[in-house]
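Okay, structure first, notes after.
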Amino acid sequence: MDNITIARLLDETAALLEIDAADPFRIRSYRRAAEAIEQQTTQLSTLIADTKQLLAIPGIGKAMAANIVDLVNTGTMPLRDELLTKYKPTMLELLRLPGMGPKTVALIWSSLQVADIDALEEAAKAGHLNKLPRMGEKFTTKLLKGIEDHRKNSSRFRIDQAQDHAERISELIRAFPGIETITPAGSLRRGRETVGDLDLLVTGPACEPDVVAAAVEHVATLPLIDKLLAKGQNKVSFTLRNNLQVDVRLLPRASYGAALQYFTGSKMHNVALRQRAIKRGLTLSEYALLRLEDNKIIAAASEEEIYNALDLDYIPPELRENCGELEAAAAHTLPKLITLADIRGDLHMHTEATDGRDTIRQMAEAAIARGLAYIAITDHSKNLAMTNGLDDARALAHIKRIREVDAEMQGRIRVLPGIEVDILAEGQLDLDDSTLAQMDIVVASVHSRFDQPIEQMTDRILRAIENPHTRILGHPTGRKVLKREAYAVHIDTILKRAAELGVAVEHNASPARSDLNDLNLRLAKQHGCKIVVDTDAHATEELDQMRYGITQLRRAWLTKDDILNTQPTAEALLSQLRPKP
DNA sequence: GCCGTTTTCGGCCCGACTGTTTTCAGTCG
């Protein structure tokens, strides 16, 4: 049993304890243990012989160590088994629905014996929920919409999770001698925010037709396979325990480029590309670009050759959506897309002062290691009480400390004092203007209640950016729960006003938090918004999430010039932001 | 359940917002 599984089982146990109305602190310790285990680099299953090493992990005590030993040895543990006799595992899925917490799940179970989403939907539609306390018309409406959204999204995986799986699987495949290159294709390569399944293209001497069988066998017996779906001559399909489907194709080097092109898609891009080939007396398949009259191979080994043979510049995968990229490639007018190396600073991150894990100094050192020239420390303000948010006095003390660290860095990096201030219900910020005046970077963000009416939400944000201290609007959209059509109006209004005021809008690079998708980014550019891309890192390693933000920027056809934090120095960056009052 | 002790139990991030209340429980971040 690997660490991820152990963590998941402990987390599930925590959720079941919540439904069981157990001691909240006991629940939290299960959650904390799960988080700690996820962070471990060594597999706990190799440590169970010596519990001392388990106990050395913060958050793991005697009882939790025993749980881990049980999990590794038996696949389950007594507390979990006991809870599962009282409750159903499908209840855990109910907890993911908006508005459904442990109390509500427990209530509908005890009163209606409803334990899964289908039954809940039925009960809601039949009006059974309305008989329960505190569940009226509005609750039911919201719940049914939540169920609908949940069904739509639950079958896709976030890009960072898919990327992690791709890397893990690639490592195992690469252990086979004679395998040289493994490239994820499909929507992962195109940088979509979510992917439906994973396509891995593999090549090397071991993938040549006469010897490929052994490599196929190696892939088909990988230890992390849950269900083997298919095993062909050069293709293996399987699912992981989390239901992610993986298709691995082993291809000879001669046709690798054609296969990569074909499996990267998108479908519409490929259709348009093949039409272009036919007009030129050629035919494009997953094996090669051929001349129709004599089947002569024109190009196959690399994507560049294929595009060039079709009189096109090379098209980066992020642009392959048949949205004008073929025309631009033919006219040699493709934009020079932004790259990770263009980013010189990160303007949104948290430290241990609030809900971050590391110190100001550690964040600064980590940023230096990633080649950045400047960062802003933007911890939470007091309204986010759960994060230990800073009140005015603590915020002022904090920026004093930030300035000290800035001086200590002796020019190796600039560390700017900042704050992520919370936008209250009426649109006012939750710290004094005199405090905000001390900050170089003021990121104003809405945190609570993303499900309020769209007009109210828009109004709230518009008022917040009228405040002259607001320099960056953090996660400007009410993510997840807003209806598409309402959302479009909402974001349009906000981006327009931000552009007028010179308030920069944030593109949160972290896939978990990102809410400006490529469409919104394009819209922001159209409106003339200043755009900042940042990680909202809560720990040093999260600074690496910048790469996902860059992918989204590339999908929106953005270049270095479109993004503020490509400015070479902190001073240059600050001069691009809205002037301080 | 974990931790840190003044070694044996008390403390452990908490405030805003919503719905359906008629004074608050539940959810969320």
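We name chains A, B, ... by the order of the sequence lines, and we start the count at 1 in each one.
- Of the charged side-chain nitrogens involved, at least one lies within less than 4.0 Å of a carboxylate oxygen, so that A:Arg151 and A:Asp118 count as a salt-bridged pair.
- The side chain of A:Arg26 lies closest to B:dG1 when the candidates are B:dG1, B:dG29, B:dG26.
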Quiz: residues 59-71 of chain A side-chain donor-acceptor pairs under 3.5 angstrom, not counting sequence neighbours:
residue : atom : partner : partner atom : Å
A:Asn67 : ND2  : A:Tyr30 : OH           : 3.2

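- Summarising the geometry, the separation between CG on A:Asn383 and P on B:dC13 is reported as 19 Å, rounded to the nearest angstrom.
- Rounded to whole angstrom, the span from the CG atom of A:Leu94 across to the C1' atom of B:dT27 amounts to 15 Å.
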Polar atom pairs (N or O), protein with nucleotides 5-10 of chain B, under 3.5 Å:
none

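- Rounded to an integer number of Å, the gap from CG of A:Asp20 to C1' of B:dG1 is 15 Å.
- Between the side chain of A:His507 and the backbone N or O of A:Asp534 there is no donor-acceptor pair closer than 3.5 Å.
- Between B:dC12, B:dG1, B:dC14, one nucleotide has an atom nearer to the side chain of A:Met64 than all others, and that is B:dG1.
- Across all strands shown, B:dT8 remains unpaired; no Watson-Crick or G-U wobble contact has both distances below 3.5 Å.
- Spacing of P atoms, B:dG11 relative to B:dT5, comes out at 16 Å, to the nearest Å.
- Between the P atom of B:dC28 and the CE atom of A:Met100 lies a distance of 10 Å, rounded to the nearest Å.
- For A:Glu35, the side-chain hydrogen bond (donor to acceptor under 3.5 Å, both in side chains) test picks out no residue, with sequence neighbours left out.
- Contact between the side-chain N/O atoms of A:Thr104 and the OP1/OP2 oxygens of B:dT27 is found at a separation under 4.0 Å.
- With C1' as the reference atom, B:dC13 and B:dC28 are 14 Å apart, rounded to whole Å.
- Taking the salt bridge (Lys or Arg N to Asp or Glu O under 4.0 Å) definition, one finds that A:Asp391 meets it with nothing, sequence neighbours left out.
- Here the separation of B:dT8 from B:dC14, taken at their P atoms, is 27 Å to the nearest Å.
- With B:dT27, B:dA16, B:dC17 as the choices, the nucleotide that has an atom nearest any side-chain atom of A:Ala425 turns out to be B:dC17.
- B:dC17 sits 22 Å from B:dT22 when the P atoms are compared, rounded to a whole Å.
- Between B:dT23 and B:dG19, the distance separating the two C1' atoms is 13 Å to the nearest Å.
- With both ends at atom C1', the span from B:dG10 to B:dA16 equals 29 Å, rounded to whole Å.
- Between the C1' atoms of B:dT21 and B:dG26, the separation comes to 12 Å (whole Å).
- In this structure, A:His350 and A:His380 have parallel ring planes: the angle between them is below the 30° cut-off, well short of the 60° mark.
- Looking at the side chain of A:Arg28, the nearest of the listed nucleotides B:dG1, B:dC13, B:dT27 is B:dC13.
- Not counting sequence neighbours, A:Glu122 has no partner by the side-chain hydrogen bond (donor to acceptor under 3.5 Å, both in side chains) test.
- Across all strands shown, A:Lys62 has heavy atoms under 4.0 Å from sugar-phosphate atoms exclusively, and none from any base.
- Two residues, A:Val105 and A:Lys382, neighbour DNA chain B, and the one matched to the more 5' nucleotide by heavy-atom proximity is A:Lys382.
- Under the salt bridge (Lys or Arg N to Asp or Glu O under 4.0 Å) criterion, A:Arg497 pairs with A:Glu466, A:Glu500, not counting sequence neighbours.
- Of the possible donor and acceptor atoms, one in the side chain of A:Thr470 sits under 3.5 Å from a partner among the backbone N and O of A:Ala464.
- B:dT6 and B:dG1 have their P atoms separated by 26 Å, with the value rounded to a whole Å.
- For the side-chain hydrogen bond (donor to acceptor under 3.5 Å, both in side chains) test, no residue two or more places apart in sequence or in another chain qualifies with A:Lys400.
- Spacing between atom CG of A:Leu97 and atom P of B:dT27 amounts to 12 Å, rounded to whole angstrom units.
- Distance A:Asp355 CG to B:dC13 P: 13 Å, rounded to the nearest Å.
- Rounded to an integer number of Å, the gap from A:Ile19 CD1 to B:dG26 P is 14 Å.
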Grab the N/O contacts between the protein and nucleotides 19-21 of chain B below 3.5 Å, and write none if there aren't any.
residue : atom : partner  : partner atom : Å
B:dT20  : OP1  : A:Gly136 : N            : 2.2

Just distance, no hydrogens or angles: give the donor-acceptor pairs under 3.5 Å from side chains in residues 14-28 of chain A, sequence neighbours left out.
residue : atom : partner : partner atom : Å
A:Glu18 : OE1  : A:Arg31 : NH2          : 3.4
A:Asp20 : OD1  : A:Lys86 : NZ           : 2.9
A:Asp20 : OD1  : A:Tyr87 : OH           : 2.5
A:Asp23 : OD1  : A:Phe25 : N            : 3.1

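- Atom CD1 in A:Ile27 sits about 19 Å away from atom P in B:dG11, given to the nearest Å.
- At a threshold of 4.0 angstrom between heavy atoms, the contacts of A:Asp23 include nucleobase atoms, whether or not backbone atoms are also involved.
- Between A:Leu424 and A:Gly101, the residue anchored nearer the 5' end of DNA chain B, judged by the nucleotide with its closest heavy atom, is A:Leu424.
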